[in-house]
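Inspection log for the structure reproduced underneath, given as structure tokens.
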Amino acid sequence: NAGVMQNPRHLVRRRGQEARLRCSPMKGHSHVYWYRQLPEEGLKFMVYLQKENIIDESGMPKERFSAEFPKEGPSILRIQQVVRGDSAAYFCASSPGRGNTYEQYFGPGTRLTVT
Amino acid sequence: AQKVTQAQTEISVVEKEDVTLDCVYETRDTTYYLFWYKQPPSGELVFLIRRNSFDEQNEISGRYSWNFQKSTSSFNFTITASQVVDSAVYFCALITPKNSNYQLIWGAGTKLIIKP
């Protein structure tokens with residue numbers, strides 16, 4: 001049973017480019033969380049999605065950031081026009097939901113570097 | 001509001017010493033879950049333990065033990081006979097289902113350095 005997959009593991013973008021981060025949840029999981037870890041800091045919640053729905057995006061910056069979790073395929077975190085301050089590790093976690101949403105299984109993270 | 005405080009930014013001990021990492025949480029909810037994660041230098045997050053608010057029993061797993069005390073809102077983590085491989089950043093985290101859509105609320109982490 002494969003764990004949570006994230007790709008790419010490392011991503012380098014120049015300022016102004018777009019970054020797309022992918023998260024494939026564990027089989028049977030329909031809930032996905034994205035967290036961001038700035039250098040030398042703890043993690044911060046960004047967004048919570050279920051299939052085809054954004055449930056809570058209160059942690060997402062208002063501009064340039066968007067997330068989706070389509071019916072088919074991975075969840076995508078998209079950052080447009082990246083800036084140096086976007087450099088961070090982005091972790092996704094998947095959950096089975098259905099009363100077990102406190103069980104969150106983390107992927108290995110994507111380390112984004114903006115040059 | 002919910003909050004997790006890990007007051008120790010960095011701890012350095014010599015191998016084989018015991019070390020305790022502190023975690024203090026804040027919530028008004030009666031149902032909540034507490035977690036500890038380890039982040040080794042390689043960067044991934046390793047789940048260590050989950051505790052729900054109704055279970056105050058202390059937990060021991062090998063050299064690791066956890067002390068959950070609701071009276072002081074603390075969930076401290078002790079490593080006995082520390083080893084160099086224990087060097088990592090350790091995060092304490094909280095979920096309060098009622099108010100936060102099950103998002104994890106994280107402490108700032110404690111960097112643990114075990115010297116040989």
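Naming: A, B, ... by sequence-line order, numbering from 1 per chain.
Listed here is the closest heavy atom pair of A:Phe45 and B:Leu104: CB-O, 4.4 Å. In terms of heavy-atom proximity, B:Tyr37 sits nearest to A:Gln104 at OH-O, 3.7 Å.
Under a cut-off of 6.0 angstrom, the local environment of CD in B:Gln57 is sparse, with at most 12 non-hydrogen atoms contributed by other residues, nucleotides or ligands. More than 12 non-hydrogen atoms from other residues, nucleotides or ligands lie less than 6.0 angstrom from CZ of B:Arg63. Within 6.0 Å of CE in A:Met60 there are more than 12 heavy atoms belonging to other residues, nucleotides or ligands. Under a cut-off of 6.0 angstrom, the local environment of CD in A:Gln80 is crowded, with over 12 non-hydrogen atoms contributed by other residues, nucleotides or ligands.
Contacts between residues 43-53 of chain B and chain A, counted as heavy-atom pairs separated by less than 4.5 Å, involve B:Gly43, B:Glu44, B:Leu45, B:Arg50.
Residue A:Tyr105 does not touch chain B at all, counting heavy-atom pairs closer than 4.5 Å. Only the side chain of A:Gln37 has a heavy atom closer than 4.5 Å to any heavy atom of chain B. Within the 4.5 angstrom heavy-atom criterion, only side-chain atoms of B:Gln39, from C-beta onward, approach chain A.
Under the 4.5 Å side-chain heavy-atom criterion for Ile, Leu, Val, Met, Phe, Trp and Tyr, A:Met5 and A:Tyr33 are members of distinct hydrophobic clusters. Residue A:Val32 is grouped with residue A:Met46 when hydrophobic side chains (ILVMFWY) are merged at heavy-atom distances under 4.5 angstrom, including chains of intermediate members. Residues A:Phe65 and A:Ile54 share a hydrophobic cluster, clusters being chains of Ile/Leu/Val/Met/Phe/Trp/Tyr side chains in contact below 4.5 Å.
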Hey, can you pull the donor-acceptor pairs under 3.5 Å for the side chains in residues 108-116 of chain B, sequence neighbours left out?
from     : atom 1 : to      : atom 2 : distance (Å)
B:Thr110 : OG1    : B:Gln8  : O      : 2.6
B:Lys115 : NZ     : B:Ser12 : OG     : 3.4

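Here the CD1-OG distance, from B:Ile95 to A:Ser95, works out to 8.0 Å after rounding to the nearest 0.5 Å.
Checked against a 6.0 Å centroid threshold, the rings of A:Phe91 and B:Trp106 do not count as neighbours.
With sequence neighbours excluded, no residue forms a salt bridge (charged side-chain N to carboxylate O under 4.0 Å, His left out) with A:Arg22. Legend: residues meeting salt bridge (charged side-chain N to carboxylate O under 4.0 Å, His left out) with B:Asp18, ordered by chain and number and at least two apart, are absent.
Judged by distance alone, the side chain of B:Tyr102 and the main-chain N or O of A:Tyr48 form no donor-acceptor pair under 3.5 Å.
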